[in-house]
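Notes for the one structure printed next.
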There are 2 protein chains.
Amino acid sequence: MNEEEKKFLKRVGFNIAKQRKDKGFSQLDLCSIIKMEKSNLSSIENGRQNVTSLTLLKISKAIGVKVNLFFE
Amino acid sequence: MNEEEKKFLKRVGFNIAKQRKDKGFSQLDLCSIIKMEKSNLSSIENGRQNVTSLTLLKISKAIGVKVNLFFE
DNA sequence: TCAAAGGTTATGATATATCATAACCTTTGA
DNA sequence: TCAAAGGTTATGATATATCATAACCTTTGA
């Protein structure tokens with residue numbers, strides 16, 4: 001994974017965390033709604049993991065934002 | 001995978017194919033640029049595969065569009 | 001027409017996302 | 001302060017994205 005890709009995943013993770021907090025959800029809240037491991041969500045929000053489309057869909061539905069916002 | 005998720009992947013795949021064609025790339029062109037198997041790209045464009053963020057980044061860079069467009 | 005380019009489907013291998021669990025660190029509110 | 005809530009990191013298991021290859025189907029332009 002090159003630097004640009006690392007940056008990209010960090011940005012996506014940051015955006016997910018921002019939207020989640022703005023909507024008033026803790027990681028634990030969100031994980032229990034979408035049945036995801038909290039270790040996993042942490043990795044995604046910190047840009048350590050290459051999150052898949054379906055996981056983005058689940059998160060976006062749970063917190064009520066468009067998937068688009070994760071790629072701003 | 002539920003129906004909504006299937007629909008979502010089909011939409012993402014359709015959008016990728018549309019942007020690719022609009023920009024004048026064949027599947028083979030795009031695959032050779034990003035070093036992806038054509039079987040793979042076909043699966044993604046047909047919504048049979050849960051494409052990852054990094055693959056979306058690679059595609060978007062190669063054809064010169066924003067990742068956002070794949071989630072419209 | 002039909003050959004070439006483009007795309008699909010199948011199969012087995014490999015890499016990695018996610019699960020499951022646990023220990024630990026950090027933040028926050030009383 | 002400090003206990004509880006929230007978040008991070010590590011490890012091994014499982015599911016699946018992607019690779020590699022091949023055969024085949026579809027579209028298109030001469």
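Throughout, protein chains are lettered first and strands after them, A, B, ... in sequence-line order, and every chain is numbered starting at 1. Since the model is a prediction, treat every value here as computed from it, not as a measurement.
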* Can B/T55 and B/T52 be counted as having a side-chain donor-acceptor contact under 3.5 angstrom? -> yes
* Rounded distance in Å - CG (A/L9) to P (C/dT18) -> 11 Å
* To do: Tell me whether the OP1 or OP2 atom of D/dT9 has a side-chain N or O from A/R48 closer than 4.0 Å.
  => yes
* Using a cut-off of strictly less than 4.0 Å, decide whether A/T55 has a side-chain nitrogen or oxygen near OP1 or OP2 of C/dT18. => yes
* Grab the NZ-P distance between A/K35 and C/dA20 for me, whole Å please. => 11 Å
* How close or far is atom P of D/dT8 from atom CG of A/N40, stated in whole angstroms? -> 13 Å
* D/dT8 OP1/OP2 closer than 4.0 Å to side-chain N/O of A/Q27 -> yes
* Answer with yes or no whether the side chains of A/S26 and A/D29 bring together a donor and an acceptor at under 3.5 Å. => yes
* Structure fact -> From the list B/R20, B/K10, B/K18, B/K21, salt bridge (charged side-chain N to carboxylate O under 4.0 Å, His left out) partner of B/E45 resolves to B/R20
* Structure fact -> Atom CG of A/L30 and atom C1' of D/dT8 are separated, to the nearest Å, by 16 Å
* Asked: According to the Watson-Crick and G-U wobble definition with distances under 3.5 Å, which dot-bracket string, read 5' to 3', encodes DNA chain D, using [ ] for crossing pairs and | for pairs with another strand?
  -> ||||||||||||||||||||||||||||||
* To do: Calculate the interatomic distance between A/M1 atom CE and D/dT18 atom C1'; express it in whole Å.
  => 15 Å
* To do: May I ask you to verify if any side-chain N or O of B/Q49 is less than 4.0 angstrom from the OP1 or OP2 atom of D/dT16?
  => no
* Asked: Between B/R20 and C/dG7, does any side-chain N or O lie under 4.0 Å from OP1 or OP2?
  -> yes
* Structure fact -> Whichever of B/K38 and B/S53 has the more 5' nearest nucleotide on DNA chain D, that residue is B/S53
* **Verdict with reasoning, B/L54 to A/F8, per side-chain contact (heavy atoms from CB on, under 4.5 Å)** => CA-CA 8 Å; B/L54 285 182; A/F8 173 78; 4.1 Å; yes
* Report which part of the nucleic acid B/I44 touches: base, sugar-phosphate, or nothing (heavy-atom distance under 4.0 Å, all strands). => sugar-phosphate
* Would you indicate whether the side-chain heavy atoms of A/Q19 and A/F70 approach each other to under 4.5 Å? => yes
* To do: Could you check whether B/N50 gets within reach of a base, just the sugar-phosphate, or nothing at all, counting any heavy atom under 4.0 Å?
  => sugar-phosphate
* To do: Could you tell me whether A/S43 contacts a base, only the sugar-phosphate backbone, or nothing, with contacts defined as non-hydrogen atoms closer than 4.0 Å?
  => nothing
* Asked: Mapping B/T52 and B/N46 onto DNA chain C by nearest heavy atom, which one lands closer to the 5' end?
  -> B/N46
* Compare all side-chain heavy atoms of B/M36 with those of B/I44 and state whether any distance is below 4.5 angstrom. => yes
* Is there a donor-acceptor contact under 3.5 Å linking the side chains of A/N15 and A/E72? -> no
* **Protein-nucleotide distance (A/L28, atom CG; C/dT27, atom C1'), rounded to Å** => 13 Å
* Integer-rounded Å distance: C/dT8 P and B/E37 CD -> 15 Å
